[in-house]
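Data block below; observations after.
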Protein chains: 2
Amino acid sequence: MGTKYTLGIDFGTLSARALLVDIVSGQEIATTLFEYPHGVMDTFLPDGKTKLMPDFALQHPQDYIDAIKFTINEIIDKTGIRNDDIIGICSDFTECTMLPVDKNGIPLCFQDQYRNNPHSYVKLWKHHAAQDEANKLNQTAAARGEAFLPRYGGKISSEWMVPKIWQILEEDPQLFHAAAKFMELADWITMQFTGEERKNSCTAGYKAIWHKQEGFPSKDFFKALHPALENVIEEKFNSAVYPIGSLAGFVTEEAARLTGLKEGTAVAVGIGDAHAAVPAVGITEPGKMLAIMGTSTCHMMLGEKEVMVPGMCGVVEDGIIPGYYGYEAGQSCVGDHFQWFRENCVPEAYEREAIDKGLGIFDLLNEKAGKLRPGESGLLALDWWNGNRSVLVDVDLTGLIIGMTLATKPEELYRALIEATAFGTKMIVETFHEHGVPVKELYAAGGIAEKNSLMMQIYADITGMEIKIGASPQAPALGAAIFAAVAAGKERGGYNDIYTAAKVMGKVKDFSYTPSVENVPVYDKLYEEYKRLHDYFGRGENTVMKRLKKIKENVYYVNER
Amino acid sequence: MGTKYTLGIDFGTLSARALLVDIVSGQEIATTLFEYPHGVMDTFLPDGKTKLMPDFALQHPQDYIDAIKFTINEIIDKTGIRNDDIIGICSDFTECTMLPVDKNGIPLCFQDQYRNNPHSYVKLWKHHAAQDEANKLNQTAAARGEAFLPRYGGKISSEWMVPKIWQILEEDPQLFHAAAKFMELADWITMQFTGEERKNSCTAGYKAIWHKQEGFPSKDFFKALHPALENVIEEKFNSAVYPIGSLAGFVTEEAARLTGLKEGTAVAVGIGDAHAAVPAVGITEPGKMLAIMGTSTCHMMLGEKEVMVPGMCGVVEDGIIPGYYGYEAGQSCVGDHFQWFRENCVPEAYEREAIDKGLGIFDLLNEKAGKLRPGESGLLALDWWNGNRSVLVDVDLTGLIIGMTLATKPEELYRALIEATAFGTKMIVETFHEHGVPVKELYAAGGIAEKNSLMMQIYADITGMEIKIGASPQAPALGAAIFAAVAAGKERGGYNDIYTAAKVMGKVKDFSYTPSVENVPVYDKLYEEYKRLHDYFGRGENTVMKRLKKIKENVYYVNER
């Protein structure tokens, strides 16, 4: 038997990436990328006419089909590896990213009658327009003393499955009823390979309020939300839930034709993109927090028991690694933060300087920001440009910068934004610590961990912890490939369990970032200030951010009338 | 007797401007501008080697001499008006802008031995490095119950004369003792024309703690500050104080040679630049507030009695118009604010768009910001990039912006900065109102009032008051020319009093800005939020801005060691 490979496909916010891995050496053989032609739709539908309301963030499911067709064919073509030797495949996906489908699993937006209907499209993870529903859901759950609520830090996010389904019901009951099912995209994309739905325990647990022992919330609870939701789980959502790494089925003839994979290839159940990265850095045991840093940051932890951490995004048994409780926290604005700054705040002189020096603009900003010492700018920011996911779980919070003078420079603002995200991470680490889930080691993966050494050093200085870096530049795809090897199982040349697979295939870099003894005390002081502002604006003492948002919404509606 | 003219010379932060006015028609005949070659020195001395400490802002007095030489000669040359017909001259100057001189009135920085000594140069109004001295002065004055303190809103600013003198004593006692006098530049420049010092009641009152009835603070007070200061007033500062519009003397032979003026021309005592604008818009009575909006904004009011308004910058009998109490308030970051934004925050795409459209960058920003409605951005800012002058009188406060999302655009940030300065003005208007100095009408003058209609409309909407605009684009220079006509007096073809002179020579534009009924209620809501943040960060509840500044200073000093 020759070398065997598995394929991990990572569906991100703007593109999908396939990664082919040698499952014995762990070597990453090849990768291909496909950018979604429709990107993120947040102003108009593809018809160019239908305007989207504020906070909408949609995607087009055809982009995902095109992505698997392109990336898998391409990777087979360019490596020349026989599809016989690709023994397993697994997809990871942004989460909760969801879609209404008909009884055959076909997206409603593919039907002419729904083409101009925003609610027929994919609601991307960062679709934030279901906040009203999330608020009402949280009130109802709190009033009823629902046991699930504390597992999600006391708040269900507007980004998750139930608020998104409920928003469709509220805003378009006809479409709600026309939908046979609402699917998580991690499961929908897996179904494109196998022909049948197999719901995964990760996204079901983290995003759809599923619990291994207790199942989904009760019919009574859903009825209390809205009478039409009473049976939503059994009628439009439920199916058996399978642990991560389970076999979802086998590549169908049709999928084989589309992708170039061999019919009958093992397919693992889908997984959330952040969660997939955990085994990719070799973590299969408690005490080690992984931060996956990209557009946003997700923090992953394993624990041996189920405890309640305020503002965690969820704790799910079998949610990350079978046999452990997987804890999740998150920051909803990290890479996006810097991209915003890059697009809106970098003066022309800096663009010119970057060109003169032959640098990318982020390289220049990092070079300039890297010359500053902690505290030197006098600036402090709250990293809430996209709300706060952990520990406050509140998308209506907004950004803040304080400390500007007439001498404040762009690189100081940029560094303050980096520091703000690091303070946010420290806040999460401390909250886990204080609530019985000790964080003994810190790992990072994702594009930022890979590329931005200034930022990683700042994270080490601010958290006061060493940070190990995942060795793969595509940790989620690698994690998916690891789960694919487990789904294939030993008899097909794969592995029987994730612990063995992750030991062989997961990896971190040789070097790590260690805190500077000089910087830590300054950042400790700044962190005290961050915490105070965090609590003042985030915990109800001054809810000005929400009132400003309300005023803004009123202006918007007046304008539209 | 033919047409008579007077000359007002306005010394601003970056340039000086001369204005020749026909005193009967009030027509502005000609103006000339001279940019200071040394500008504002805030990093190095002219030697290019001597580094300045943070918050220093110096100027070179040779620039002022060059300014009068250039502008007056030029204006006479280009108009062809005979210097016989120029019957009076008056200079207004940024304030408190001060200078140590020898016993002949020669600046110490002209002497070789002091050339590399920062303290020998002009300390510009916005030199902020005497904050420690200002703090100690305020503590001492408060502890002693000094009667002058409430006249300055309870706080003497670090920008003013005594803290600046004291800073020199603290940091360079040798130079302090070498100085025969410390002079306000409004008086020093007047002395260049007349050959002798005549201290004016405006800058003496507003910036050097002089009171018409009580004089300067007592020797006991100065001794309590520092033993070496006990006799500072009589030894290094005092001379008789003359009301605004008084005759300071006559142009000397030497000054006539330098400037082209006729020897013996009447010279009025100097005046602060902001105060000079009041008669230029025709205000010579109580109830009318004038905002002079440029780099910073000064607010001027006349009153019939002396009352205490919190955070006012001063109340001075004869300080603005003889016979009334002149009240002053201020905002230390207005035009500077937008300039900062322009230099540090405007992305390249906007620069390109401005070029494509054939617009200046501020025109483009105004065009984009003008399309936004109040509240639409969801942003709110505190306008403290350069500290807060009124009503908090605290230079250690810094800027804040709140409400950013990933959709926030540059024009929204820019508009939020404009609005912040308008909220600051409303705060000042309300504070005067509430303390017995009713503001019945609002006037504006200065570059911003002249040029930026978006901004003026926002000011009208936020204050809820009509705003009349001074008709002269150079109100301080025109005001100086009016005082020059009074100093000349009727017998030389001028006027015997300021009321008559201002009626003829002062003027406002035909149109004014009126509040929009639609915008006022939205801004009222936003103002409530502004007020709450203003008080939270400004009145001691959370002094994070000061702590951040302290951390920054520590970093600075560590770096320098």
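Side-chain atoms are counted along with the backbone in the values below, which use heavy atoms only and exclude waters and symmetry mates. Just so it is clear: chains get the letters A, B, ... in the order the sequence lines come, proteins before strands, and each one is counted from 1.
Using a 4.5 Å cut-off between heavy atoms, A:S377 contacts chain B through its backbone alone, with no side-chain atom that close. For A:Y536, the part lying near chain B is the side chain, with the backbone staying farther off; criterion is any non-hydrogen pair under 4.5 Å. A:E343 touches chain B through its backbone: at least one of N, CA, C or O sits under 4.5 Å from a heavy atom, while the side chain does not. Both the backbone and the side chain of A:V544 come within less than 4.5 Å of a heavy atom of chain B. For A:F537, the part lying near chain B is the side chain, with the backbone staying farther off; criterion is any non-hydrogen pair under 4.5 Å.
At a threshold of 4.5 Å between non-hydrogen side-chain atoms, the residues A:K525 and B:N554 count as touching.
Comparing B:T405, B:D336, B:I551 by how many heavy-atom pairs each has under 4.5 Å with chain A, the most go to B:T405. When each of B:H337, B:R352, B:M545, B:R532 is checked for heavy-atom pairs under 4.5 Å with chain A, B:R532 comes out on top. Contact count against chain B (heavy-atom pairs under 4.5 Å) is highest for A:E351 among A:K549, A:K550, A:E351, A:K409. Each of A:L406, A:I401, A:V346, A:T398 has some count of heavy-atom pairs under 4.5 Å with chain B, and the biggest count is that of A:L406. Listed options A:A349, A:A381, A:C345 were ranked by heavy-atom pairs under 4.5 angstrom with chain B; first place goes to A:C345.
In this structure, CD in A:E376 is found 12.5 Å from CD in B:E553, a value given to the nearest 0.5 Å. B:N542 CG to A:I402 CD1: the interatomic distance, rounded to the nearest 0.5 Å, is 7.0 Å. Note that the CG atom of B:N344 and the CE atom of A:M404 stand 11.5 Å from one another [nearest 0.5 Å]. Here the CD1 atom belonging to B:I361 is positioned 8.0 Å from the CD atom belonging to A:E348, to the nearest 0.5 angstrom. Residue B:L380 holds its CG atom at 10.0 Å from CG of A:L400, rounded to the nearest 0.5 Å.
Between the side chain of B:W340 and the backbone N or O of A:T408 there is at least one donor-acceptor pair closer than 3.5 Å.
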Apply salt bridge (Lys or Arg N to Asp or Glu O under 4.0 Å) to residues A:R547 and B:E529 and explain how you reach the verdict.
CA-CA 9 Å; A:R547 289 192 298 273; B:E529 304 298 342; 2.4 Å; yes

